[in-house]
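Some notes on the structure that comes next.
Every chain is numbered from 1 and lettered A, B, ... according to where its sequence line falls, protein lines coming before strand lines. Worth knowing before you read on, the calculation uses all heavy atoms, side chains too, and leaves out hydrogens, waters and symmetry mates.
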Amino acid sequence: MQKPLPPAADERRLALFSVLAQIPEGRVCTYGQVAELAGLGRAARWVGRTLSTLPEGTHLPWHRVIAAGGRISLPAGSASGSEQRQRLAAEGIVLHNDRVNLRRYGWP
DNA sequence: TTGGTGACTAAAT
DNA sequence: AATTTAGCCACCA
């Protein structure tokens, strides 16, 4: 007997990547928003966990995904955290007290 | 199967 | 504003 059903993890990842690729440069999106746009419901945690498994050389704009309220989940001291802040700044996103103004940079 | 965990979120204190 | 509580989804020992 074959397995009942292969894990749909790849499809979910593809859905996530699809949404991720749609985030325009200079804009940001929250984990929860990305999850919902990808049709994953309230899988905000899963989104974060999935992004953590991305290869280093990925071309996906993972840095445009931040936490609710414009907060940045990654520690400022970590390699990924500083890289994220650097990339956001490079796109013209100004951080105020380590936070992003979602009214201004939020997407959609 | 169960319990612990994480780049989460919203509401309550 | 900061901390706690509870809910959420998927992964792993």
Side-chain angles (χ1 to χ4, degrees):
Chain A
M1 300 302 299
Q2 304 176 2
K3 301 186 105 181
L5 279 178
D10 288 341
E11 282 190 27
R12 295 200 189 93
R13 261 187 298 236
L14 286 177
L16 169 60
F17 297 160
S18 178
V19 172
L20 198 53
Q22 292 176 49
I23 305 177
E25 184 178 321
R27 302 270 175 161
V28 296
C29 207
T30 68
Y31 295 98
Q33 182 68 67
V34 170
E36 186 154 358
L37 287 173
L40 302 172
R42 302 169 173 163
R45 297 194 87 128
W46 175 85
V47 170
R49 206 191 66 69
T50 302
L51 292 183
S52 70
T53 67
L54 289 175
E56 297 182 9
T58 183
H59 293 85
L60 292 170
W62 55 267
H63 56 278
R64 297 187 189 135
V65 183
I66 61 180
R71 297 192 321 286
I72 297 184
S73 298
L74 283 65
S78 68
S80 301
S82 50
E83 181 176 347
Q84 181 174 31
R85 287 167 176 76
Q86 183 177 352
R87 290 199 184 194
L88 291 177
E91 297 185 357
I93 297 176
V94 181
L95 295 168
H96 293 286
N97 196 7
D98 206 40
R99 311 223 333 195
V100 175
N101 185 335
L102 288 179
R103 302 275 239 167
R104 185 167 162 77
Y105 303 111
W107 181 84

When you get a sec, tell me which of dA10(C), dC9(C), dT9(B) is the closest nucleotide to the side chain of Ala68(A)?
dT9(B)
In whole Å, what is the span from the CZ atom of Arg87(A) to the C1' atom of dA7(B)?
14 Å
Got Leu20(A) and Pro61(A) here, is their nearest side-chain heavy-atom distance under 4.5 Å?
yes
Can you check the Glu36(A) CD to dC8(C) C1' distance for me, whole Å?
13 Å
Out of dA7(B), dC9(C), dA10(C), whichever nucleotide has its closest atom nearest the side chain of Arg12(A)
dA10(C)
A side-chain contact here means heavy atoms from C-beta on lying under 4.5 Å apart; do Leu95(A) and Tyr105(A) qualify?
no
Atom CD1 of Ile66(A) and atom P of dT9(B) are separated, to the nearest Å, by 9 Å
Nearest whole Å is fine: how far is dC9(C) C1' from Leu16(A) CG?
13 Å
Output the rounded distance in Å from CH2 (Trp46(A)) to P (dC12(C)).
13 Å
When you match Gly69(A) and Leu51(A) each to their closest nucleotide on DNA chain B, which lands nearer the 5' end?
Leu51(A)
Could you work out which one of dA7(B), dA10(C), dT9(B) sits closest to the side chain of Trp62(A)?
dA7(B)
CZ of Arg71(A) versus P of dT3(C): gap in Å, rounded?
12 Å
Could you check whether any side-chain heavy atom of Arg64(A) comes within less than 4.5 Å of a side-chain heavy atom of Pro24(A), counting everything from C-beta outward?
no
When the P atoms of dG7(C) and dA7(B) are compared, how many Å lie between them, rounded to an integer?
22 Å
Looking for any heavy atom pair under 4.0 Å, which part of the strands does Thr30(A) touch: base, sugar-phosphate only, or nothing?
sugar-phosphate
Do the charged groups of Arg71(A) and Asp98(A) touch, with an N to O distance under 4.0 Å?
no
Please state how far atom OH in Tyr31(A) lies from atom P in dT9(B), giving the value in whole angstrom units.
7 Å
Please report the distance separating the C1' of dG6(B) from the corresponding atom of dC8(C), rounded so that it comes out in whole Å.
12 Å
Of dA7(B), dT9(B), dC11(C), the nucleotide closest to the side chain of Arg49(A) is dC11(C)
Please report, rounded to the nearest Å, how far the C1' atom of dC8(C) is from the CD atom of Gln33(A).
16 Å
Do any N or O atoms from the side chain of Arg12(A) and from the backbone of Leu40(A) form a donor-acceptor pair under 3.5 angstrom?
no
